[in-house]
Amino acid sequence: MCGIVGYIGEGSAKDMILTGLKSLEYRGYDSAGIALNKKGKILLRKESGVIANLEKKTGKPDFDGCVGIGHTRWATHGSPVRENAHPHLSADGRIAIVHNGIIENYLELKSWLKKNHGIVFKSDTDSETIAHLISVFYKGDLIEATGKAVAKMRGAYAIGVIAADEPDKIVAVRKDAPLIAGIGAGCNYLASDIPALLKYTRDIYLVENGEIVLITASEIKIYDEDMTRVKREVMHVTWDAAAAEKGGYEHFMKKEIYEQPEAIRETLERRLDEGGNIKLDGVTLTKKEWGRIDKVYIVACGTASHAGMQGKALIERFAGVPVEVELASEFRYRNPLVNDRTLFIGISQSGETLDTLEALREAKKRGARILSICNVVGSSVARESDDVLYTWAGPEIAVASTKAYTTQLVSLYLIALHMGRMRGFVAEDEYRRVIEELRALPEKAKATLKTEEHIRKLAERFYIKEQIFYIGRGQDVGTAYEASLKLKEVSYINSFAIAAGELKHGTIALIRKKTLFVVLATQDALYEKMLSNIEEVKARRAHVVSIAKKGNKRIAKVSDETIYIPQCADEIAPILAIIPMQILAYHIAKLRKRNIDKPRNLAKSVTVE
Ligand code: AGP
């Protein structure tokens with residue numbers, strides 16, 4: 001996630017950039033840096049840790065200038081150390097870049113740069129490649145060189161560039177990562193997000209995918225991929241600073257629901273190489289060690305434990321190893337059967353949940369190998385694990401977990417498929433098929449968000465309910481549990497999730513006229529059975545809202561309402577199916593006037609037993 005900022009004008013670039021970076025702190029970061037162009041020379045300062053460290057480094061008056069770029073980094077490629085912090089310089093030190101996103105083909109570009117231009121890399125990042133690439137193409141025209149460099153890159157990026165030889169400009173370019181340009185008086189700005197600029201200007205241009213921007217102190221020119229000038233309306237921002245942090249959304253929960261396509265892409269793409277092979281950075285298990293594992297425990301709390309339920313299905317299916325999913329608060333009190341052939345997978349967004357941490361310690365004591373799935377770099381769970389696979393969801397501020405959950409699921413797919421391959425269990429064509437399905441996920445998640453208006457209207461009808469049931473079969477059971485938790489925590493409605501086949505063993509007694517059932521029916525293999533379950537509850541005069549894959553028309557005939565998600569393989573459906581459920585919980589809570597981002601009695605990270 002992290003952020004970029006740029007300034008060009010007559011004032012102090014350093015001051016503006018530091019203020020801008022501080023306003024982007026909510027995006028999360030673990031190092032920060034600034035590059036300035038002063039009298040045809042690039043000055044660079046960067047530091048790991050908090051922005052105060054960078055402030056100390058840039059404190060002297062000789063470090064300033066009228067043009068510069070800055071960045072707060074959240075470690076992805078390479079650890080959060082000074083060398084990996086941005087900006088990155090070209091080998092001759094005359095080009096500086098900041099970059100948000102992922103350069104998917106960076107290894108290929110890196111070896112090309114090493115082989116053909118003898119470049120020695122100073123960091124472990126994918127981003128450094130960009131500085132060298134621009135430098136290789138640079139013949140005195142920064143915008144031309146940047147255009148040539150991005151034509152070679154694949155991935156997602158928002159990039160800011162300055163060149164020592166052109167002190168009168170900043171060039172920026174965007175694809176699948178946010179970028180705006182701000183209009184000042186005698187100066188202009190660049191940033192990842194509006195909050196960075198609010199102290200300076202409220203007039204901005206939204207930069208679109210594929211566009212390249214030339215910023216000087218007096219003008220901002222936007223070009224499309226063919227270098228044709230684009231006419232863009234100025235957007236005047238009327239939000240206050242607090243609203244701007246929410247990106248114009250009313251609540252963090254909604255913002256985070258909408259960030260899911262990008263978060264899924266970040267979590268996924270970094271782990272897939274050119275050939276679609278999974279590389280689990282931060283996971284050091286060897287093929288032999290993967291092969292020795294004879295049991296997996298997935299241990300977590302709340303939403304993370306629901307991700308674990310999906311993880312069980314995935315690991316058992318793709319890796320052929322038996323998996324137990326345990327609530328962290330129960331795990332260490334029941335003498336779990338753990339030994340040195342056990343893989344313990346701890347899942348925690350915050351990485352600070354005490355129950356999960358204590359369970360991890362217990363498993364470690366008993367000899368298990370500890371692999372964690374975490375969203376917070378350097379958190380306690382991450383530090384105490386043997387291996388960590390980070391979810392790149394960016395900071396999650398709303399108490400209700402949304403993007404952390406979907407990225408935990410993505411991580412579990414990666415672990416299951418990789419483990420299956422290392423153990424020779426998953427067939428190659430099956431592996432390839434699921435990778436392709438995963439690759440299509442960010443776009444499908446985007447399409448799923450379009451259900452919002454339909455769901456908002458449904459929420460208007462159902463928000464007064466005092467009880468809602470969620471049912472499903474197979475992987476839809478985990479989704480039902482998560483959907484139900486989402487609803488109860490933000491709306492305070494008493495909701496209940498149950499495997500559909502279990503209904504008739506007791507819970508069916510609760511059905512009365514107009515009892516609301518949300519039916520998850522995304523599993524083709526279990527579709528017929530779910531239709532029967534719908535008939536079963538409808539016969540007792542329940543009201544049914546179904547969630548199904550596009551194209552499944554029979555379900556609409558038997559349900560009162562149907563929400564469609566895009567077509568996808570059964571195994572992938574949980575990631576898409578939860579999105580409308582998050583939206584439903586959000587709108588019901590809003591109509592009930594709840595404190596959506598901070599529901600009563602709840603905390604974002606539960607550091608007590
Ligand atoms: C879900 O919306 C909650 N915020 C909660 O269940 C959460 O998932 C649980 O407390 C675990 O937190 P963690 O992922 O930070 O360990």
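It should be emphasised that the depicted structure is a prediction, and the values quoted were computed from it without experimental measurement. All ligand and atom numbering here is 1-based and tracks the order in the structure.
Near Ser350, the atoms of ligand 1 lying under 4.0 angstrom from a non-hydrogen atom of the residue are 13 (P), 15 (O), 16 (O). In summary, the atoms of ligand 1 found under 4.0 Å from a heavy atom of Ala304, numbered by their order in the structure, are 8 (O), 14 (O). Near Ala400, meaning under 4.0 Å from any of its heavy atoms, are these atoms of ligand 1: 2 (O). Short contacts between ligand 1 and Lys486, defined as distances under 4.0 Å to a heavy atom of the residue, involve ligand atoms 1 (C), 2 (O). Close approach of ligand 1 to Ser348 is summarised as follows: ligand atoms under 4.0 Å from at least one heavy atom of the residue are 13 (P), 14 (O), 15 (O), 16 (O). Per-residue contacts place Gln349 under 4.0 angstrom from the following atoms of ligand 1 (heavy atoms of the residue considered): 13 (P), 14 (O), 15 (O), 16 (O). Residue-ligand proximity, Val399 to ligand 1, at heavy-atom distances under 4.0 Å covers atoms 2 (O), 3 (C), 4 (N).
Residue Thr356 places no N or O, backbone or side chain, under 3.5 Å from any N or O of ligand 1. For ligand 1, none of its N or O atoms has an N or O atom of Gly302 under 3.5 Å away.
With atom 8 (O) of ligand 1 as the reference point, the heavy atom nearest to it among Leu354, Thr303, Leu357, Val376 is part of Thr303.
Atom 10 (O) of ligand 1 has Val606 CG2, 4.1 Å as its closest protein atom, hydrogens excluded (heavy atom only). With respect to atom 12 (O) of ligand 1, the closest heavy atom belonging to the protein is Thr353 OG1, 3.5 Å. Counting protein heavy atoms only, atom 3 (C) of ligand 1 is closest to Glu489 OE1, 3.7 Å. In terms of protein heavy-atom proximity, atom 9 (C) of ligand 1 is closest to Cys301 O, 3.6 Å.
Contacts with ligand 1 closer than 4.0 Å are made by no heavy atom of Glu352, backbone or side chain.
Under a 3.5 Å cut-off, the side chain of Arg369 and the backbone N or O of Arg341 do not form any donor-acceptor pair. With hydrogens and angles disregarded, a donor-acceptor distance shorter than 3.5 Å links the side chain of Gln310 to the backbone of Gln475.
Side-chain rings of Phe331 and Tyr297 approach one another, their centers coming within less than 6.0 Å.
Classified by interplanar angle (parallel below 30°, tilted 30° to 60°, perpendicular above 60°), the ring pair His251/Tyr586 is perpendicular. Ring pair His99/Tyr157 is tilted by interplanar angle, where 30° to 60° counts as tilted. Ring planes of Phe517 and Phe469: parallel class, angle under 30° (limits at 30 and 60°).
Leu337 has its side chain out of reach of Glu324: every pair of non-hydrogen atoms, C-beta onward, lies at least 4.5 Å apart.
Between Lys254 and Glu452, at least one side-chain N (NZ, or NE/NH1/NH2) sits under 4.0 Å from a carboxylate O, which counts as a salt bridge. Taking 4.0 Å as the cut-off between side-chain N and carboxylate O, Glu358 and Arg361 count as a salt-bridged pair.
Geometric assessment of Arg592 against the ring of Tyr492 yields a negative cation-pi assignment under the 6.0 Å and 45° thresholds.
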